[in-house]
Novice: 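The structure that follows is given in the form of structure tokens.
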Amino acid sequence: MKVIIAGGGIGGLTTAIALQQRGITCEVYDAAPANKALGAGIMLAPNAMTVFDKLGVGHALRAHGAVARQFYIRYYKGDVLQHIDGSLLQQKFGSASYGIHRAALQQQLIEAVQTPVHWGKRCTRAEQTAEGVTVHFEDGTTASGNVLVGADGIHSVLREQHVAKARYRYSGQTCWRAIVPVNLPEREAAEASEVWGNGNGLRAMCMQVGPQQVYFWMTKRMPAGLKIPPEEALAFIKKELRHFPGYMHNVMEHLQPEALIHSDLYDIAPMRQWYNGRIVLLGDAAHATTPNLGQGAGQAIEDAYVLAKWLATEKNITSAFEKYQRQRRKRVHMLVRTSWQLARITNWKGPLLAALRNTLLKSVPAGIAEKQIDLVYGVQLD
Ligand SMILES: Cc1cc2nc3c(=O)[nH]c(=O)nc-3n(C[C@H](O)[C@H](O)[C@H](O)COP(=O)(O)OP(=O)(O)OC[C@H]3O[C@@H](n4cnc5c(N)ncnc54)[C@H](O)[C@@H]3O)c2cc1C
């Protein structure tokens, strides 16, 4: 069997590693002109790290990332709204969460893929017959195989043309992210702390992901589509975070406006069908989610493992796709919905609702909090 993967992001690269572990030949094609160090940081939750361990890349990723010994959600005035102990995650799930520069993650995954990634290959369409599937690229070239994996992200061309039209949903949150060349004070460097403001979706986080590399993000409830020049955006961010803890101000002083990446946060409404014939969707192409639970990449990584498992063990492609979809869909949709609801809660407007939100969060009984953690991080994929 030969598998063509359209999209060499986290989902596509992990799929290639999972397939090669199962002895299945694959080729990866990505629209980006070259392998360039892009993006800010990312949190790899225990469920993602556990898959990477099964695929033999967990060790390399840990060496290039930073463990979140403690994870906090704090109100900007200091109260702890939620806390997760990294050693508890390690004990229960076999790994804590790790923060890593996206470029380092991509590089480690590329190094683990045994065949070179084909860059500058934007797929525009595909055609399939009983014998196989051919994908066409913008530059006039094609690639053929038995299976085509659409790992081409939230705006997937393959999904729109061959599986289903997505319904995009704007979460009401816009987001700025960057890697900032600075070190956090000792306490903050050992933890991942999300700080929440007085309503209106204002949240920010700084996490040390490497020496002189702080992963910073801020979200805010705002209309979609605003184009704010980086200098103005930085001034806006500083103003919004003026009452946030002092270490964040120091990070802001080192933040270069041109390092800012701005995106409006969308997901796609849960879709029932993830495949058609020989074409199957994976990661954001199948189920893009808002990042409120930090699970988008985690779910793409789980997808990759499960798809490779069924392709290696099922008699035919259709039953492999059906088993993949059946195993993945319920869990993924639960996480997409939970993340969407979290976006709504954090978007509550004004100090009164923010106070109510804080009380609700602080009063979640320990048993329920633990169940929620199990739901998100505890998954049986084999
Ligand atoms: C602000 C923000 C913060 C996030 N934080 C986290 C986090 O902490 N933890 C977490 O688990 N997730 C997080 N996510 C989600 C995570 O980034 C995504 O879920 C993940 O990147 C999805 O991987 P993917 O491979 O499916 O898609 P993508 O990463 O979008 O990769 C798609 C790839 O396909 C290529 N491509 C696109 N179109 C084509 C085409 N037509 N032909 C060929 N190639 C194409 C692109 O170049 C790209 O390389 C976050 C997302 C956002 C927006």
Side-chain angles (χ1 to χ4, degrees), residues 4-16 27-36 38-49 51-52 65 68 71 97-102 105-106 109-110 117-126 135-139 141 143 148-161 171 173-178 192 194 203 205 207 209 215-219 260-268 281-304 307 332 335-336 339 343 376-377:
I4 303 295
I5 303 171
I10 300 169
L13 293 171
T14 309
T15 305
E27 291 171 1
V28 185
Y29 295 85
D30 194 280
N35 175 21
K36 278 236 242 45
L38 288 175
I42 190 162
M43 283 288 277
L44 296 172
N47 52 315
M49 291 307 296
V51 174
F52 283 137
F71 173 78
S97 295
Y98 281 74
I100 187 167
H101 194 313
R102 279 185 187 252
L105 169 60
Q106 173 160 315
L109 296 181
I110 286 173
V117 174
H118 303 272
W119 301 103
K121 298 286 178 186
R122 178 174 297 282
C123 82
T124 51
R125 67 190 174 89
V135 57
H136 293 253
F137 302 108
E138 206 171 47
D139 62 2
T141 59
L148 173 59
V149 177
D152 49 342
I154 185 170
H155 299 291
S156 170
V157 167
L158 292 172
R159 180 193 62 227
E160 295 295 299
Q161 287 185 17
S171 65
Q173 299 167 302
T174 203
C175 176
W176 282 273
R177 298 172 274 169
E194 219 180 288
R203 293 153 69 188
M205 180 163 133
M207 185 188 177
V209 293
Y215 170 33
F216 161 78
W217 60 255
M218 178 188 114
T219 64
L260 280 170
I261 301 170
H262 180 207
S263 16
D264 295 326
L265 301 180
Y266 283 86
D267 74 359
I268 56 181
L281 304 175
L282 180 142
D284 278 10
H287 47 68
T289 178
T290 57
N292 296 290
L293 281 177
Q295 275 295 322
Q299 293 314 298
I301 293 158
E302 288 183 12
D303 283 354
L307 179 63
V332 171
L335 293 170
V336 170
S339 185
V376 179
Y377 302 141

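Every number for a ligand or one of its atoms is a count from 1 in the order of the listing. Every heavy atom of this structure was used, including side-chain atoms; hydrogens, water molecules and symmetry mates were not.
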Novice: Say whether Ala300, considering both its backbone and side-chain N or O atoms, lies within less than 3.5 Å of an N or O atom on ligand 1.
Specialist: no
Novice: Could you identify the single nearest non-hydrogen protein atom to atom 34 (O) of ligand 1 and state the distance to 0.1 Å?
Specialist: Gly7 CA, 3.4 Å
Novice: Indicate the atoms forming the closest heavy-atom contact of Arg102 with Gly41, along with that distance.
Specialist: NE-O, 3.3 Å
Novice: What are the atoms of ligand 1, with element, lying closer than 4.0 Å to any heavy atom of Lys121?
Specialist: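 It comes down to these atoms of ligand 1: 42 (N), 43 (C).
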Novice: Starting at CG of Asp267, measure out to NE2 of His287 and round the result to the nearest 0.5 Å.
Specialist: 12.0 Å
Novice: So, applying side-chain hydrogen bond (donor to acceptor under 3.5 Å, both in side chains) with Gln295, which one of Thr290, Asn47, Thr289 is it?
Specialist: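 Checked Thr290, Asn47, Thr289 against Gln295; only one passes side-chain hydrogen bond (donor to acceptor under 3.5 Å, both in side chains): Asn47.
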Novice: Tell me the protein heavy atom at minimum distance from atom 50 (C) of ligand 1, and give that distance in Å.
Specialist: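 The closest one turns out to be Arg102 NH2, 3.4 Å.
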Novice: Around atom 39 (C) of ligand 1, find the nearest protein heavy atom and jot down its residue, atom name and distance.
Specialist: Asp152 CB, 3.6 Å
Novice: Heavy atoms only: give me the nearest Arg177-Ala40 pair and the separation to one decimal.
Specialist: CB-CB, 3.8 Å
Novice: Less than 4.5 Å apart, any side-chain heavy atom of Trp176 and any of Trp217?
Specialist: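 Answer no - side chains too far apart.
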Novice: Nearest to atom 28 (P) of ligand 1, what protein heavy atom do you find, and at what distance?
Specialist: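 Minimum-distance protein heavy atom for atom 28 (P) of ligand 1 reads Gly153 CA, 4.3 Å.
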Novice: May I ask you to test the Tyr266-Ile154 pair for a side-chain heavy-atom distance under 4.5 Å?
Specialist: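 Yes - at least one pair of side-chain heavy atoms lies under 4.5 Å apart.
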Novice: Is Phe137 close to Arg122 at the side-chain level, that is, under 4.5 Å between some pair of heavy atoms?
Specialist: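 No. Closest side-chain heavy atoms not under 4.5 Å.
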Novice: Minimum heavy-atom separation for Ser156 to Ala285, with atom names?
Specialist: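 Closest heavy-atom pair between Ser156 and Ala285: CB-CB, 3.6 Å.
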Novice: Determine the minimum heavy-atom distance between Leu158 and Ala126, stating which atoms define it.
Specialist: CD2-CB, 4.0 Å
Novice: With side chain to side chain donor-acceptor pair (under 3.5 Å) as the criterion, how do Gln173 and Asn292 come out once you've worked through the C-alpha distance, each side chain's angles and the decisive distance to 0.1 Å?
Specialist: CA-CA 10 Å; Gln173 299 167 302; Asn292 296 290; 3.1 Å; yes
Novice: Counting heavy atoms only, which part of Arg177 comes closer than 4.0 Å to ligand 1: side chain, backbone, both or neither?
Specialist: side chain
Novice: Suppose I only count heavy atoms of Gly294 and a 4.0 Å limit; which atoms of ligand 1 are within that range?
Specialist: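 Every atom of ligand 1 under 4.0 Å from some heavy atom of Gly294: 7 (C), 9 (N), 10 (C), 11 (O).
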Novice: I need the minimum non-hydrogen distance between Ala151 and Gly11, along with the two atoms involved.
Specialist: CB-C, 4.5 Å
Novice: On a heavy-atom basis, I'd like to know which of Gly99, Gly12, Ala6, Gly11 is closest to atom 23 (O) of ligand 1.
Specialist: Gly11
Novice: Looking only at distance, does Gly298 have an N or O less than 3.5 Å from an N or O of ligand 1?
Specialist: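 N/O-N/O distance below 3.5 Å exists for this pair.
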Novice: Considering heavy atoms of the protein only, find what lies nearest to atom 31 (O) of ligand 1 and give residue, atom and distance to 0.1 Å.
Specialist: Gly9 CA, 3.6 Å
Novice: Between the side chain of Ser171 and the main-chain N/O of Leu265, is any donor-acceptor distance below 3.5 Å?
Specialist: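 A pair under 3.5 Å: yes.
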Novice: What is the closest protein heavy atom to atom 53 (C) of ligand 1, and at what distance does it sit?
Specialist: Leu265 CD2, 3.9 Å
Novice: Hey, looking at atom 22 (C) of ligand 1, which of Asn292, Asp284, Leu281, Ile301 has the closest heavy atom?
Specialist: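 Looking at heavy atoms only, the winner is Asp284.
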Novice: Heavy-atom contacts under 4.0 Å between Gln295 and ligand 1: side chain, backbone, both, or neither?
Specialist: backbone
Novice: Which residue from Met43, Gln299, Glu138 reaches closest to atom 9 (N) of ligand 1 through any of its heavy atoms?
Specialist: Met43
Novice: If you measure from each non-hydrogen atom of Pro291 to ligand 1, which part falls under 4.0 Å: side chain, backbone, both or neither?
Specialist: side chain
Novice: Among all the protein's non-hydrogen atoms, which is closest to atom 45 (C) of ligand 1, and how far away is it?
Specialist: Ala31 CB, 3.6 Å
Novice: Please state which part of Ser263 comes within less than 4.0 Å of ligand 1, counting heavy atoms only: side chain, backbone, both or neither.
Specialist: neither
Novice: Just heavy atoms, cut-off under 4.0 Å: does Ala297 contact ligand 1 by side chain, backbone, both, or neither?
Specialist: both
Novice: Provide the number and element of each atom of ligand 1 under 4.0 Å from a heavy atom of Cys123.
Specialist: 40 (C), 41 (N), 42 (N), 43 (C)
Novice: What I want to find out is whether Lys121 reaches Asp139 closely enough, with some N-O distance under 4.0 Å, to be called a salt bridge.
Specialist: yes
Novice: Answer with side chain, backbone, both or neither: which part of Arg125 has a heavy atom less than 4.0 angstrom from an atom of ligand 1?
Specialist: neither
Novice: List ligand 1 atoms under 4.0 Å from Cys175, heavy atoms only on the residue side.
Specialist: 1 (C)
Novice: Of all the atoms in ligand 1, which lie at a distance below 4.0 Å from a heavy atom belonging to Gly283?
Specialist: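 So the atoms of ligand 1 that pass are 26 (O).
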Novice: Got an N/O contact under 3.5 Å between Asp30 and ligand 1?
Specialist: yes
Novice: Test your reading of the structure: does Ala285 have an N or O sitting under 3.5 Å from an N or O of ligand 1?
Specialist: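 Not met; the criterion fails.
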Novice: Is there a side-chain contact between Asp152 and Asp284 in this structure, where contact means two heavy atoms from C-beta onward sitting under 4.5 Å apart?
Specialist: no
Novice: So do Leu13 and Val117 actually touch side chain to side chain, heavy atoms under 4.5 Å?
Specialist: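 Yes. Closest side-chain heavy atoms under 4.5 Å.
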Novice: Which option, Asp264, Leu293, Ile42, owns the non-hydrogen atom nearest atom 13 (C) of ligand 1?
Specialist: Ile42
Novice: Taking only heavy atoms of Ala151 into account, list the atoms of ligand 1 that are under 4.0 Å away from them.
Specialist: 32 (C), 33 (C), 34 (O)
Novice: Is any side-chain heavy atom of Ile5 less than 4.5 Å from a side-chain heavy atom of Glu27?
Specialist: no
